[in-house]
Amino acid sequence: MKRTAAWLAVHALQQLGIRFTFGIPGVHNTELYDELNSAQNPVPILVTHEGGAAFMADGVSRAADDTIGALAIVPAAGFTHAASGIGEAFLDGIPMLIVSGGVRTDTPHRYKLHQIDQLELARPITKAAFRVTRHEDVVPTLFEAYRIATTGLPGPVLVEIPANLQLFTGEAGELPRRVPPALPEAPDPGLVRRAADELLAAKHPGLFVGWGARHATDTLIAIAELLQAPVSTTLQGLAAFPGDHPLHAGFGFSPSAVPAARNAFRDCDALLAVGTRFGEIPTGSFSAVVPAALVHVDIDPSVFDANYPSRVKIAGDAQAVLTALLTELRARGARPANGGALREQIARDKRAWREQWLAHDSRGQVNPARFYDALRRQMPDDAITVLDDGNHTFLTAELFPIHRGGRLLTPTDFNAMGYAVPAAIGAKLARPEREVFAIVGDGCFMMTCMEIVTATARNLGVIFFVFHDGELSQIAQAQQIPYNRKSCSTLGAVNVEGVALATGAAFVDMPDDTRIVPAIAEAREAARQGRPVIVDVRIDYSRRSAFTSGTSASTFRRFPLSQRLRFVGRALLRKATG
């Protein structure tokens, strides 16, 4: 059977259940786009920039349960434009399939358009990268790329298909069938017993859960209730445990966490950590104190002992491991019912934290706590929340509980600004039945706001709450503390309403607290009509998040004494001299 590589690639994507591709057609993938246009699926989505394409594909992978995001891009510039989104997926453990064109391999000429070894470019930010050289290898290579992308620690995989293979027919051979994924292996029973020993011997066990535990929520709840243990999450894992559960303490448990989490974990003497790598952000720049009795569960064994030594290490699928652990814990008998005081303490600390925020004078701007309170009351529990990288990220983590059924998408380890707008569009494409909204700082918004054109073209009712303060606020606050001044973190003026006009989005203004409730309602109504909405939120950032204050202090305390004195002296001098 003779087929073009473009036809074969689309056939493989269909067999893999890929619903969308994101990218921009160019001379090295015109044949692929023609085949996509002829097929009913996947649906090719034209973007304004390949960076937005990668973030959209990431959003699809995080929001959907039945597909992963895929790119259809040109080589070289298309790949480097998309590299931020690919790198984000790589460090965050998000599956992605990257289908790229390649320069012609049937001509001897040098200095061809886009001629660069992008497999070398891809090596540090992908799990694997392939260059197809024969028609018969197209389908099996894409199948293998998908397997690699979705098994173990997920991540992006590149498949480069040269333009001549796409354009010309060649012998394809018998088309292989996709092999269904294997079921997760059961964990070692001996390790499960040891984990139960550690947790049951503790007086104050705790749970720390990340993105890798997101499909095991019910089992996590059962274990937390059986142990009467407080639960903290990573930033990426905010939706892994319901924020309205009485044992939910907050984001992180380091000195950078909110009081509810700090107090709940103060005497923690055994920790069950699931689907987390103990990275810099959730540990408050590695200031978290982790007990010696650490039970660490993760799909990726390379994370064990990387930053904190563990007493019991179990490599495997979170749901499979936790199911076995719950069975073992139940077989040992329930712990004494001593969780009432803990629950009351968490609830009391959360109330006090919220009341402090509500009492803060926002001086005619939008008080963050009032905004999040209104947003939580109006948004359904199963809404998809998308965040970018910045001050708003940590305010959301501290003030907006994600309820059971909700999802949260945010860049974490790669920390790519500009994520939220395109990722929210990808999430809405993947889950059109869900309400999807993004909370994005004005600096991040300006990076990718033109992708809202894509949402308008597709009639996607996504709400973009733009926290508008005119600064790169997370960095500006971090500069103000040690330097007593802000360098290059003040933004140029942007007319947010003008962006809405340019992109075809609806516009809603939220200048102060009186407009919070009606503005959210207006935005939701416009989104229900299939129109993207930009809400200009004049946010008050004058009160710092617990994360910003705590991480700055923890980082500073670890400086050598001589350097601490230098920083303090410089700041005091600048304050005195103006």
Side-chain angles (χ1 to χ4, degrees), residues 354 357-358 360-379 383-401 408-410 417-421 423-424 435-449 451-452 455 461-474 476-477 489-503 505-527 531-545 548:
R354 177 176 169 274
W357 272 96
L358 292 174
H360 175 68
D361 183 4
S362 290
R363 299 180 181 179
Q365 294 180 302
V366 174
N367 180 298
R370 296 187 191 281
F371 169 81
Y372 286 113
D373 276 3
L375 190 67
R376 183 65 282 169
R377 286 193 297 269
Q378 293 199 46
M379 284 294 174
I384 297 175
T385 306
V386 186
L387 307 178
D388 217 294
D389 170 39
N391 200 28
H392 68 278
T393 314
F394 303 106
L395 288 177
T396 306
E398 294 174 10
L399 295 171
F400 185 74
L408 182 128
L409 286 56
T410 186
M417 292 175 66
Y419 173 88
V421 169
E435 290 197 44
V436 177
F437 64 91
I439 300 173
V440 54
D442 45 4
C444 297
F445 181 72
M446 285 192 282
M447 287 186 170
T448 52
C449 61
E451 287 297 354
I452 296 174
V462 181
I463 304 173
F464 304 96
F465 293 102
V466 181
F467 278 18
H468 191 177
D469 77 315
E471 289 186 338
L472 298 173
S473 59
Q474 186 70 16
Q477 289 183 3
S489 51
T490 299
L491 300 170
V494 58
N495 185 326
V496 177
E497 186 175 8
V499 175
L501 179 65
T503 58
F507 175 76
V508 177
D509 198 21
M510 189 189 293
D512 53 40
D513 288 350
T514 65
R515 281 284 298 157
I516 294 175
V517 172
I520 294 173
E522 290 167 24
R524 292 183 68 212
E525 179 56 33
R531 190 177 181 190
V533 188
I534 301 174
V535 184
D536 188 357
V537 183
R538 291 289 178 167
I539 197 70
D540 168 37
Y541 275 149
S542 61
R543 177 182 165 93
R544 295 190 181 105
S545 67
T548 299

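The figures here come from the full heavy-atom set of this structure, side chains too, leaving out hydrogens, waters and symmetry mates.
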Donor + acceptor pair across side chains of Thr410, Tyr419 (<3.5 Å) = no

Who passes side-chain contact (heavy atoms from CB on, under 4.5 Å) against Leu501, sequence neighbours left out?
-> none

By salt bridge (charged side-chain N to carboxylate O under 4.0 Å, His left out), which residues pair with Arg543, not counting sequence neighbours?
-> none

Mutual orientation of the aromatic rings belonging to Phe371 and Phe467 [parallel < 30°, tilted 30-60°, perpendicular > 60°] | perpendicular

Student check: side-chain heavy atoms of Met510 and Ile539 closer than 4.5 Å | no

Backbone of Ser362 reached by a side-chain donor or acceptor of Asn367 within 3.5 Å = no

Gap separating the CD atom of Glu522 from the CG atom of Asp509, nearest 0.5 angstrom = 10.0 Å

Sub-4.5 Å side-chain heavy-atom contact between Phe465 and Ile520 | yes

Please answer whether the main-chain N or O of Leu358 pairs with a side-chain N or O of Arg370 as donor and acceptor at a distance below 3.5 Å.
-> yes

Given the rule in the side-chain contact (heavy atoms from CB on, under 4.5 Å) test, do Val517 and Gln378 qualify, once you have shown the distances and angles that lead to the verdict?
-> CA-CA 8 Å; Val517 172; Gln378 293 199 46; 3.7 Å; yes

Using the side-chain contact (heavy atoms from CB on, under 4.5 Å) rule, take Leu375 and Phe437 through it: C-alpha gap first, then chi angles, then the decisive distance, then the call.
-> CA-CA 10 Å; Leu375 190 67; Phe437 64 91; 3.7 Å; yes

Which pair of non-hydrogen atoms, one from Ala420 and one from Ile439, has the smallest distance, and what is that distance?
-> CB-O, 4.4 Å

Is there a donor-acceptor pair under 3.5 Å between the side chain of Arg354 and the backbone N or O of Asp373?
-> no

Can you tell me how far the CZ atom of Arg524 sits from the CD atom of Glu435, to the nearest 0.5 Å?
-> 4.0 Å

Indicate the atoms forming the closest heavy-atom contact of Trp357 with Arg544, along with that distance.
-> CZ2-O, 3.8 Å

Side chains of Val494 and Phe445: closer than 4.5 Å at any heavy-atom pair?
-> no

Would you say the side-chain atoms of Asp388 pair up with the backbone N or O of Gly418, donor to acceptor, closer than 3.5 Å?
-> yes

From the options Leu409, Val462, Thr385, select the one residue that forms a side-chain contact (heavy atoms from CB on, under 4.5 Å) with Val436.
-> Val462

Is there a side-chain contact (heavy atoms from CB on, under 4.5 Å) between Tyr541 and His392 once you walk through the steps?
-> CA-CA 9 Å; Tyr541 275 149; His392 68 278; 3.5 Å; yes

Which of these, Thr448, Val537, Leu387, Val466, sits in a side-chain contact (heavy atoms from CB on, under 4.5 Å) with Val440?
-> Val466

Euclidean distance, Ile534 CD1 relative to Phe464 CZ, rounded to 0.5 Å | 7.5 Å

Short side-chain to backbone donor-acceptor contact, Asp389 and Met417, under 3.5 Å = no

side-chain contact (heavy atoms from CB on, under 4.5 Å) assessment of Asp540 paired with His360 | CA-CA 10 Å; Asp540 168 37; His360 175 68; 3.1 Å; yes

The reported gap from CG in Asp536 to CZ in Arg515 (rounded to nearest 0.5 angstrom) is 11.0 Å

Hey, does Pro368 have a side-chain heavy atom less than 4.5 Å from the side chain of Leu399?
-> yes

Residues forming a salt bridge (charged side-chain N to carboxylate O under 4.0 Å, His left out) with Glu525, sequence neighbours excluded = Arg528

